[in-house]
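Since the structure comes first, as structure tokens, the remarks are kept for the end.
Order of appearance sets the numbers: ligands from 1, and atoms from 1 within every ligand.
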Amino acid sequence: MNFNIQSKLPQAGISIFAKMTALAQQHQAINLAQGFPDFSPPKELFDFLNEAVWSGFNQYAPMPGLLHLREQIAKRILGRYQFQADTQTEILVTAGATQAIYTIISAFVRPGDKVLIFEPAYDSYGPAVVVNGGIPVYLKLNLPDFSIPWDQLEDVLARESIKMILINNPHNPAGRILQESDVKNFEALSEKYKILMVWDEVYDMLVFDGNNHISALSYPGLMESSIVVFSMGKTLHNTGWKIGYTIAKPQLTKEISKVHQFLVFSVNTPAQYAIAKFMELQPGFINALPGFYQEKRDYFLKSMASTGLQFHPCEGSYFAIAQIPEDYKGSDVKYAEDLVQHQKVATIPVSAFYHDGYDPGLIRFCFAKTQETIDAAVSRLI
Ligand code: PMP
Ligand code: GLN
């Protein structure tokens, strides 16, 4: 039978992250492409995971997440952002930030609704909007500093009826952070145009040089129409555990939870148990992350200086982007492919973060790696 399938995502292939990781394996290259640490999560987490399964935490968790975990999340969010999240009505534990973002979009975006996405953007945003019948409206961040194009944004908001804006801060892949004035501008726009704002703050603890992460959670007016998304994978070095969460006012959390209930119902119980216990007993671990990753960033950039590659400033996240040499004639994809094949270092071409393949001549490196990995990569790039 020749069954005719009309794809909802005709353009989608395998993700650039999976593709570059596969190429890295094929060429025995050092993988500085996909964003994940190559060092271990804290060992206590393993003990707590073991304890969870042996003490009977093997069945469905409550739909919004284990209460103990929601309590630990509430404590962290209160301490850091002065947002008092109600554990019953304002926190939802998800299978990572990717599921959280999809679920939020699915809960609010109806066919024909427009969603504004700044590019470069994390690869799941656009497809999640499209699958749910929405229309992504793309706006490029200003180059070379990846700042918000405020005038263009105002034009778009005045012209089009935008239902939702997705904002990523700290930014992947740019490594830039928003200032207080930026967040206040968004607050004013959200009030003026009545727009839902989704804040992807998965790298909230990866902010450097004494800067504070400016979270939407610290702005009560903004939180009336905002949902903030976090990922445990980025804070506990365990991206494969796929635990994340959303924080939003009860009326918003209620709608997200309805979709969550029918999408996954609840997420991995032992992982939630282990993370809750770890957060309770080792609160200092997460608080030490800015210093831990700043050291990695500094070591990475200092070591990479000898390769001649020109890096953009990295204020946050665990990514740094470098300029493709001006005398290189091909695309950024070709450059990244050459690098993995000949120099045996895998990176991500930044055009992958633009829906139309726009090529700003940049590649992204992940520096969540051991010094040995960074040293080995540098020695191959010199
Ligand atoms: N948003 C951004 C900006 C990311 O970089 C990532 C993952 N690297 C995610 C969301 C997804 O996080 P998770 O792995 O928890 O799904
Ligand atoms: N977010 C990670 C990155 O930017 C990868 C996540 C994924 O592979 N989907 O590299």
- Task: Could you verify whether a donor N or O on one side chain and an acceptor N or O on the other, from D359 and S331, lie under 3.5 Å apart?
- Result: no
- Message: Give me the residue, atom name and distance of the protein heavy atom closest to atom 8 (O) of ligand 2.
- Response: Q34 NE2, 2.7 Å
- Where on F36 is there a heavy atom closer than 4.0 Å to ligand 2, on the side chain, on the backbone, on both, or on neither? neither
- Pair E255 + K258, salt bridge at N-O below 4.0 Å: yes
- Task: Compute the shortest N/O to N/O distance between G35 and ligand 2 and return yes if it is under 3.5 Å, no if not.
- Result: yes
- Carboxylate-amine/guanidinium contact K140 E119, below 4.0 Å: no
- N or O pair under 3.5 Å between D123 and ligand 2: no
- Message: Can you tell me if Y122 contacts ligand 2 (heavy atom of the residue under 4.0 Å from the ligand)?
- Response: yes
- Angle class for the H237/F39 ring planes (parallel below 30°, perpendicular above 60°, tilted otherwise)? perpendicular
- Item | salt_bridge(E337, K19) N-O dist < 4.0 Å | yes
- Query: To which protein heavy atom is atom 7 (C) of ligand 2 closest, and what is the distance rounded to 0.1 Å?
  - Reply: F17 CD1, 3.6 Å
- Query: Mind checking whether F365 and F311 have parallel, tilted or perpendicular rings, split at 30° and 60°?
  - Reply: tilted
Is there any protein N/O under 3.5 Å from an N/O of ligand 1, and what does the full list of such pairs look like?
from     : atom 1 : to   : atom 2 : distance (Å)
ligand 1 : 1 (N)  : D200 : OD1    : 3.4
ligand 1 : 1 (N)  : D200 : OD2    : 2.5
ligand 1 : 5 (O)  : N172 : ND2    : 2.7
ligand 1 : 5 (O)  : Y203 : OH     : 2.6
ligand 1 : 8 (N)  : Y203 : OH     : 3.2
ligand 1 : 8 (N)  : K234 : NZ     : 2.4
ligand 1 : 14 (O) : K242 : NZ     : 3.3
ligand 1 : 15 (O) : A97  : N      : 2.8
ligand 1 : 15 (O) : S231 : OG     : 2.7
ligand 1 : 16 (O) : A97  : N      : 3.1
ligand 1 : 16 (O) : T98  : N      : 2.9
ligand 1 : 16 (O) : T98  : OG1    : 2.6
ligand 1 : 16 (O) : K242 : NZ     : 2.7

- Message: Residue-level breakdown please: for N172 versus ligand 2, do any non-hydrogen atoms fall below 4.0 Å on the side chain, on the backbone, on both, or on neither?
- Response: side chain
- Check the angle between the aromatic planes of H213 and Y81 and answer parallel, tilted or perpendicular using the 30° and 60° thresholds. perpendicular
- Query: In a check of side chain to side chain contact (heavy atoms under 4.5 Å, CB included) between I167 and each of V198, V183, V228, L178, which one passes?
  - Reply: L178
- Do any N/O atoms on R364 end up under 3.5 angstrom from N/O atoms on ligand 2? yes
- Message: Taking R176 first and then D182, would you say they form a salt bridge - that is, a charged N and a carboxylate O separated by under 4.0 Å?
- Response: no
- Message: Taking the basic N atoms (NZ, or NE/NH1/NH2) and the acidic carboxylate oxygens, is any pair closer than 4.0 Å for K43 and D47?
- Response: no
